[in-house]
Novice: 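The structure is given below, and queries will be raised subsequently.
The shown structure was predicted, so the numbers you read here are calculated from the model rather than taken from an experiment. Every chain is numbered from 1, with letters handed out A, B, ... down the list of sequences.
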Number of protein chains: 2
Amino acid sequence: MKKYLQIYHDLLTNIQTKKFKEGDLLPSDTKLVMKYDVSRETVRRAIKLLFDEGYIQTIRGKGSIILNSDRIMFPFSRIESYKELVTTSHLHSENKVISMQEHVDVPQNLLFGAPSMTTQLVVRKRIVNDIPMVIDYDYINEAVVANVPKQAALNSLFYYFEHDLGLKINYAIKHITVEPADYDDLHYLEIDRHVPIVVVRSETRLSDNRIISYTESRHRADKFSSVEFARRHE
Amino acid sequence: MKKYLQIYHDLLTNIQTKKFKEGDLLPSDTKLVMKYDVSRETVRRAIKLLFDEGYIQTIRGKGSIILNSDRIMFPFSRIESYKELVTTSHLHSENKVISMQEHVDVPQNLLFGAPSMTTQLVVRKRIVNDIPMVIDYDYINEAVVANVPKQAALNSLFYYFEHDLGLKINYAIKHITVEPADYDDLHYLEIDRHVPIVVVRSETRLSDNRIISYTESRHRADKFSSVEFARRHE
DNA sequence: TTAAAAAACTTGTCTAGTTTAGTTTCTTAG
DNA sequence: CTAAGAAACTAAACTAGACAAGTTTTTTAA
């Protein structure tokens, strides 16, 4: 395990379990250097990660203040935020596979000009506390993943890609719009036609920059909520 | 000027002006070290920034691939994305001040449990290409900023805070929901009642962690669009 | 007692190296 | 000509220092 990630996770756990309280100062670089027996740069990498993700606020000459992290839990600027949301908030969640189909072309409006590819289409419905919340259309690149078993779709596609296939997912670009509900939305989400839909269209890539999937997630807007943390650079 | 920021801006300019083309490799660390006559760590800081913001994809052993940066231009996970959007896309934009009022309490739903404060409320309307797009309710902390002149509200509050007052804006937390239009939305945005509103409620802080403002931005959802870049950490 | 100066902290930036792990290119043996 | 191996490259992680620029605490002088 990389040292700086070890330190990062260690500190993060202390923040999330409130061992380090909001408003308090994190141990200084020097103390962390002594505690973990690493160089200062390594400590600073861990600190930088916490800073970038909005867990702390560093002030020169003073220290690193711990921020309220309860509020920065459910951004969609995280890949697969949905699974995280469900596990961290102890909701009862269910995945239903609506359909699976091989050798499908990716729709033009998902590609944003990129060249097309043959994919396996997985359509799923996510139900939280017995309320249908999201319909996901996943177009999985067949050049990368041969054939997704139904069990993987029921559980988590990302988990299957990373743990079972050993693929490294690296980043995603997400386009967010609000659109009227279409026929399938009405049907699968069991809403009436004046409920708008938050549509998140994304392209996901591996660490070698190959595209693994295109996804269209359709959330019922009345139940939709997201929190973003934005830091300013000079 | 900090060296790593200098290098960062230099490289970014080359990417944005397409001098470095999509799919090409950035000059290697060693070459950049020679070009800018700095240490490798300094080069790597600049590279890291580009990486974090989604401009490049680094692959160990290979190099740093330049990604398509046209698509990662308009996220709301940037503070004051609106001004950026307008300037980079050469739209004709106008700011109208609807009202200004001193000694106002911040509404409960904007505070998220934080203690209240006295603020100056500035209500504005943003018009792009003659279409009213957003209503902004800015509650500006009177303990930080004495009295905002109307001219600053007409131009840009952030510009006024940073350039005229020398304040350093550091980060913001943004809550995004979709809600039905209220009476003021219908009136000021000139829409009818079935157009939903994307509501972005945010808290903005300075680099010393003081709150400078709470903002509620109400966008007409049919014209709303955002792009988020999400990188995965282990 | 008070106020100024000094010391001891803090984070931020930077240097100059090493080792590790991965990719690409060239060379060499068959 | 081909395939295997070596060499030359690439980024990633880490070390051990330096000095700068702030804040806080302690000491000193009036």
Side-chain angles (χ1 to χ4, degrees), chain A residues 1-11 20 23-52 55-67 166-168 170-171 205-210 231-234, chain B residues 1-11 20 23-52 55-67 166-168 170-171 205-210 231-234:
Chain A
M1 172 64 119
K2 290 163 200 165
K3 291 184 185 177
Y4 79 96
L5 283 178
Q6 177 58 53
I7 298 168
Y8 162 77
H9 282 118
D10 219 44
L11 294 172
F20 293 159
D24 283 2
L25 294 178
L26 222 58
S28 71
D29 290 6
T30 323
K31 279 178 192 153
L32 293 173
V33 163
M34 289 190 292
K35 178 172 179 190
Y36 293 102
D37 190 31
V38 292
S39 73
R40 178 143 175 256
E41 279 296 321
T42 303
V43 163
R44 288 188 68 57
R45 273 198 206 187
I47 299 283
K48 181 74 178 4
L49 256 182
L50 293 171
F51 175 86
D52 284 344
Y55 292 107
I56 58 170
Q57 168 67 5
T58 58
I59 299 176
R60 183 200 279 239
K62 200 169 186 183
S64 303
I65 300 173
I66 289 144
L67 303 180
L167 297 169
K168 282 192 183 168
N170 194 263
Y171 69 93
R205 300 208 178 220
L206 301 174
S207 53
D208 59 8
N209 215 32
R210 281 183 300 168
R231 209 175 268 287
R232 192 176 189 80
H233 311 106
E234 296 141 83
Chain B
M1 171 66 119
K2 292 162 198 165
K3 290 185 185 176
Y4 77 96
L5 282 178
Q6 176 58 53
I7 298 169
Y8 162 77
H9 282 118
D10 218 45
L11 294 173
F20 294 157
D24 284 1
L25 294 177
L26 222 59
S28 73
D29 289 8
T30 323
K31 279 178 192 152
L32 293 173
V33 163
M34 288 190 293
K35 177 173 179 189
Y36 292 102
D37 190 32
V38 292
S39 74
R40 173 125 188 276
E41 278 296 320
T42 303
V43 163
R44 287 184 94 344
R45 273 197 204 187
I47 299 283
K48 183 71 179 3
L49 257 182
L50 293 171
F51 174 86
D52 284 345
Y55 292 107
I56 59 171
Q57 168 66 4
T58 58
I59 300 176
R60 184 202 279 242
K62 198 172 185 180
S64 304
I65 300 173
I66 289 145
L67 303 179
L167 297 169
K168 282 193 183 167
N170 194 262
Y171 69 93
R205 300 213 178 214
L206 301 174
S207 53
D208 59 8
N209 216 32
R210 281 183 300 168
R231 209 175 268 286
R232 193 176 188 80
H233 312 108
E234 293 140 84

Novice: What is the separation between atom CG on B/Asp24 and atom P on D/dT10, rounded to the nearest whole Å?
Specialist: 15 Å

Novice: State which of D/dT24, D/dC14, C/dT23 makes the closest approach to the side chain of B/Lys62.
Specialist: C/dT23

Novice: Which part of the nucleic acid does A/Leu25 contact within heavy-atom distance under 4.0 Å: base, sugar-phosphate only, or nothing?
Specialist: nothing

Novice: Could you check how far CG of A/Leu26 sits from C1' of C/dT11, rounded to whole Å?
Specialist: 12 Å

Novice: Let me know the distance between CG of B/Leu32 and P of C/dA16, rounded to the nearest Å.
Specialist: 16 Å

Novice: B/Ile59 near the nucleic acid: base, sugar-phosphate alone, or nothing, with a heavy-atom cut-off under 4.0 Å?
Specialist: sugar-phosphate

Novice: So does B/Phe51 get a backbone contact from the side chain of B/Arg231, meaning a donor-acceptor N/O pair under 3.5 Å?
Specialist: yes

Novice: Within the structure, does a side-chain N or O atom of B/Thr30 lie under 4.0 Å from either OP1 or OP2 of D/dT10?
Specialist: yes

Novice: Which nucleotide in the list D/dC14, C/dT11, D/dA16 gets nearest to the side chain of A/Glu41?
Specialist: D/dA16

Novice: Taking the minimum atom-to-atom distance to the side chain of A/Ser28, which one of D/dT23, C/dA16, C/dT10 wins?
Specialist: C/dT10

Novice: Nearest nucleotide by nearest heavy atom, which residue falls closer to the 5' end of DNA chain D, A/Arg40 or A/Lys3?
Specialist: A/Lys3

Novice: If I take atom CD1 in residue A/Ile7 and atom P in nucleotide D/dC14, what distance separates them, rounded to the nearest angstrom?
Specialist: 8 Å

Novice: So, does A/Ser64 get its side chain near the phosphate of C/dT10, meaning an N or O under 4.0 Å from OP1 or OP2?
Specialist: no

Novice: Send over the distance from A/Gln6 CD to D/dC14 P, rounded to a whole Å.
Specialist: 11 Å

Novice: It should be established whether A/Thr42 places a side-chain nitrogen or oxygen under 4.0 Å from OP1 or OP2 of nucleotide D/dT15.
Specialist: yes

Novice: Nearest whole angstrom, please: distance from the P of C/dT13 to the CZ of B/Arg44.
Specialist: 17 Å

Novice: Side chain of B/Arg60 only, please: which of C/dC14, C/dT15, C/dT20 is the nearest?
Specialist: C/dT20

Novice: If you check the A/Asp29 side chain, which of D/dT10, D/dT15, C/dT11 turns out closest?
Specialist: C/dT11

Novice: Which residue in the set B/Asp52, B/Thr58, B/Ile7 passes side chain to side chain contact (heavy atoms under 4.5 Å, CB included) when paired with B/Ile47?
Specialist: B/Thr58

Novice: When you look at B/Asp29 and B/Arg44, which way does the salt bridge (Lys or Arg N to Asp or Glu O under 4.0 Å) test go after all the steps?
Specialist: CA-CA 7 Å; B/Asp29 289 8; B/Arg44 287 184 94 344; 3.7 Å; yes

Novice: Where the side chain of B/Tyr4 is defined as all heavy atoms beyond and including C-beta, which of C/dT13, C/dA16, D/dC14 is the nearest nucleotide?
Specialist: C/dT13

Novice: Starting at CD of A/Gln57 and ending at C1' of C/dT10, how long is that distance when rounded to a whole Å?
Specialist: 14 Å

Novice: Name the residue from B/Leu49, B/Ile65, B/Leu11, B/Leu50 that meets the side chain to side chain contact (heavy atoms under 4.5 Å, CB included) definition with B/Ile56.
Specialist: B/Leu50

Novice: Check whether B/Arg205 reaches the backbone of A/Gln57 with its side chain - one donor and one acceptor, N or O, closer than 3.5 Å.
Specialist: no

Novice: Would you mind reading off the distance between A/Asp208 atom CG and C/dG22 atom P, rounded to a whole angstrom?
Specialist: 13 Å

